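The structure under discussion appears below in the form of C-alpha cells.
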Amino acid sequence: MRTSALRYALLPAVLAGGAALFALAPAAPRVAPDPGNAGLKLPTGFGALVVAETGGKARHIAVTPEGTVYVKLNKPNAQGGILVLKPSATGKATVASGFGNYGGTGMYLKNGYLYASSDKDVYRYKLNAKNEVISPAQPELVVAGLKLGQEHESKSIVLDNAGNLYVNVGAYSNSCQVKDREKGSMGIANCPVLDSAGGIWQFKADGQRQRQAQGTRYTTGLRNVVGLDWNPQDNQLFVMQHGRDQLHDIFPAMYDEKTSAQLPAECMYAVKGGDNAGWPYIYYDPAKRQKMLAPEYGGDGKKAVTDKYIDPVAAYPAHMAPNALLFYTGTMFPAKYRNGAFIAFHGSWNRAPEPQMGYFVAFQPFKDGKPSGPYEVFADNFAGTAAKTASGRADHRPCGLAQGPDGSLYVSDDSKGTIFRIVYNK
C-alpha cells in the first residue's frame, strides 16, 4: 500500500519564556512500494519494490547498517562476482561497483568483515567504519580447497557469535548410488561421499588458508544445504535441506509418479555438533511424519527408521528447493514475525507430471526458539503467473534473503538478477 511521503513527529520547541511547546516537524519518509507491489502478492499492509536490476544470477546478499547491498553473483560479470549497490532516499539502489573474480553463493556480514564464498573457497574482506570494503582486490583466504563435485557445488556460509564459520559442503550425488541417478542402482555401503561432503563443516572465522581436513565436520547426513542461519533466540544453527530426487525414476515398482512428486519433504533441521541427519540412508515422509529407509539401502516406502538420526523440526512440500533461511529480528514488521524464520523457495523442476511448486518466500512462525505451527506463504508470484509456476518457467526465483537496517526484507532473484525489497507501511 502507498503511504504519504511525509510523516510528522512531535518535537519540543522552546518559547521565549522557557516553556516547551510540542510542534509538528517532518520525520523521515517511508519507502513507497512500486505500483502493484512489483508484481508480488503479499499480506495486507505489506508492499514491495524493485531495488535494482543487476542483470546477473544474484545468489545470497547482505545489507549493511548504512543500506548498502552486497550481492554475490553465481558467475562474475564485467564488474566482478560481488556487486555493490548504493541506496537512495527512494529505497531504490544503483550498482555502484563490483569486485572479486569468482562466482559462488555465500555472503555474510559479521564483526567488521564481509565474508563471501566461491564453490571451493571462503574469503573475507575488511570493512571500514562505513562498512565499505577497504581492499577489494586483496581479500583474506579463510578456507581453501573445499570438495567440489558435479552437482550441489554451492558453499553457503554463516557465522556464530563465538568466532566460528560454518560452511555447507553439498553431496555430489543424489542418493549415493553405485551409478548416480540410474534406474535400479543400489546405494554404496558406508557411503564414501560422506568422507568429504554431505554436511556442515566448522572453521575458525579468522583463520587463514584452512583446508577442509583442518575443519570440524559439524553435522553430517545432509544432502545439500543452501539456506542456513544462526538462530539468535536459542543460539543454534538451523539449516534447510534439499531432499533427494527421482524416487519413481529410479524405483518405479515402489513409487508412482504422484508419490515421487510429493516425496521427500524439504526439511528444516536444528543442528549441533555431532548430529547426523541421515542422508543417503533415509528420507522424511511428511504425510507419515516418519523417517523412511531409502530404497537404495533396502527400503520399500514402508520401512521406517526410528533411531540414530535426528528428526527435522519442520517439513515442507517436496522439491521446492529452499535456498535461503533468515531469522527476522527487526521491528518494522508486526510482532508475529519477530524471531520467526523466512525461507526462500527457489522452486521445483522435478514434480512432473504434477504441477511445479515453490517460487515464493514462506514465513515459519517460531516460539521459544522452535518452529510453532504451519508455515505461511508470505511473498508469492515471483514466477509471474500461476501457469508459469505450474510449468516451472518462472520469471524470478527467490534465492537470497537479508534484513535491512530498518527491518525491511530484501530478496534476491537468480533468474534475472532482480533485487526486491518488502516493507510494512500500515
Side-chain angles (χ1 to χ4, degrees), residues 34-43 48 50 53-60 73-75 105 150-154 170 174-175 180-181 183 223-224 226-227 240-252 255-267 283 285-287 315-324 342-363 374-401 411-420 422:
D34 287 343
N37 288 331
L40 301 186
K41 296 180 180 178
L42 300 163
V50 171
E53 297 286 3
T54 68
K57 293 185 179 296
R59 299 290 282 179
H60 287 178
L73 298 183
N74 187 44
K75 294 182 179 179
T105 292
Q150 297 301 309
E151 54 184 309
H152 307 148
E153 303 97 329
S154 66
N174 176 39
S175 53
D180 193 36
R181 299 180 187 267
K183 182 178 177 179
R223 179 173 175 266
N224 189 34
V226 186
M240 296 294 308
Q241 174 173 239
H242 283 221
R244 52 105 20 101
D245 304 323
Q246 299 174 297
L247 284 167
H248 168 73
D249 294 345
I250 300 171
F251 296 97
Y255 304 90
D256 61 28
E257 290 178 318
K258 185 176 182 66
T259 301
S260 187
Q262 297 172 342
L263 290 177
E266 308 283 46
C267 291
Y283 64 87
D285 186 322
Y316 308 88
H319 310 302
M320 296 200 306
N323 271 13
F342 288 103
I343 306 164
F345 285 103
H346 192 246
S348 66
W349 61 268
N350 52 352
R351 288 177 49 87
E354 297 297 306
Q356 301 302 324
M357 286 182 62
Y359 319 103
F360 60 75
V361 174
F363 174 69
Y375 77 95
E376 307 165 8
V377 176
F378 174 72
D380 203 358
N381 205 43
F382 286 91
T385 66
K388 288 182 178 180
T389 295
S391 65
R393 297 179 295 106
D395 290 341
H396 304 283
R397 289 173 173 261
C399 185
L401 298 172
V411 185
S412 68
D413 150 49
D414 73 353
S415 179
K416 295 182 178 179
T418 305
I419 308 298
F420 296 89
I422 299 172

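For the numbers below, each heavy atom of this structure counts, side chains included, while hydrogens, waters and symmetry mates do not. All figures in this text were calculated on a predicted structure; none of them were measured in a lab.
With no hydrogens or angles considered, a side-chain donor-acceptor pair links His396 and Asp413 at under 3.5 Å.
Residues forming a side-chain contact (heavy atoms from CB on, under 4.5 Å) with Pro355 (at least two apart in sequence, or on another chain): Ala390. For Glu257, there are no side-chain hydrogen bond (donor to acceptor under 3.5 Å, both in side chains) partners at least two apart in sequence or on another chain. For Lys388, the salt bridge (Lys or Arg N to Asp or Glu O under 4.0 Å) test picks out Asp395, with sequence neighbours left out. A search for side-chain hydrogen bond (donor to acceptor under 3.5 Å, both in side chains) contacts involving Ser348 returns Gln356, not counting sequence neighbours. Legend: residues meeting side-chain contact (heavy atoms from CB on, under 4.5 Å) with Ala38, ordered by chain and number and at least two apart, are Asp34, Val50, Phe420. For Lys258, the salt bridge (Lys or Arg N to Asp or Glu O under 4.0 Å) partners two or more places apart in sequence, or in a different chain, are Glu354. In terms of the side-chain hydrogen bond (donor to acceptor under 3.5 Å, both in side chains) criterion, Tyr375 has no residue partners (sequence neighbours excluded). For Glu376, the salt bridge (Lys or Arg N to Asp or Glu O under 4.0 Å) partners at least two apart in sequence or on another chain are Lys336. For Tyr359, the side-chain hydrogen bond (donor to acceptor under 3.5 Å, both in side chains) criterion is met by no residue, not counting sequence neighbours. The side-chain contact (heavy atoms from CB on, under 4.5 Å) test applied to Thr259 returns Tyr255, Asp256, Leu263, not counting sequence neighbours. Asp414 meets the salt bridge (Lys or Arg N to Asp or Glu O under 4.0 Å) test with Arg59; sequence neighbours excluded. Annotation: side-chain contact (heavy atoms from CB on, under 4.5 Å) contacts of Gln246 (sequence neighbours excluded): Asn174, Arg181, Asp249, Ile250.
The CG atom of Asp380 lies 8.5 Å from the CG atom of Leu40; values are rounded to the nearest 0.5 Å. From Glu266, atom CD reaches atom CD1 of Ile343 across 10.5 Å, with rounding to the nearest 0.5 Å. Taken from CZ in Phe360 to NZ in Lys41, the straight-line distance is 13.0 Å, to the nearest 0.5 Å. Here Asn350 contributes atom CG and His248 contributes atom NE2; the two are 13.0 Å apart, rounded to the nearest 0.5 Å.
Side-chain N or O atoms of Arg397 include none that pairs as donor or acceptor with a backbone N or O of Ser415 at under 3.5 Å. At distances below 3.5 Å, at least one donor-acceptor pair connects side-chain atoms of Asn37 with backbone N or O atoms of Ala48.
Trp349 places a side-chain heavy atom less than 4.5 Å from the side chain of Asp245. No side-chain heavy atom of His242 sits under 4.5 Å from any side-chain heavy atom of His152. Residues Cys267 and Met240 fail the side-chain proximity criterion, which asks for heavy atoms closer than 4.5 Å.
In terms of heavy-atom proximity, Gly358 sits nearest to Thr389 at O-CG2, 4.4 Å. Of all heavy-atom pairs between His60 and Cys399, the closest is CD2-O, 3.6 Å. Contact between Leu42 and Ala379 at its shortest, heavy atoms only, is CD2-CB, 3.5 Å. Pairing each heavy atom of Ala318 with each of Pro264, the nearest pair is CB-O, 2.9 Å. Considering every non-hydrogen atom in both Gly417 and Thr54, the closest pair reads O-OG1, 2.7 Å. Between Leu247 and Ser260, the shortest heavy-atom contact is N-OG, 3.3 Å.
Each of Phe345, Tyr316, Phe378, Phe342 was checked for a ring pair (Phe, Tyr, Trp, His ring centres under 6.0 Å) with Phe363, and the lone residue meeting it is Phe342.
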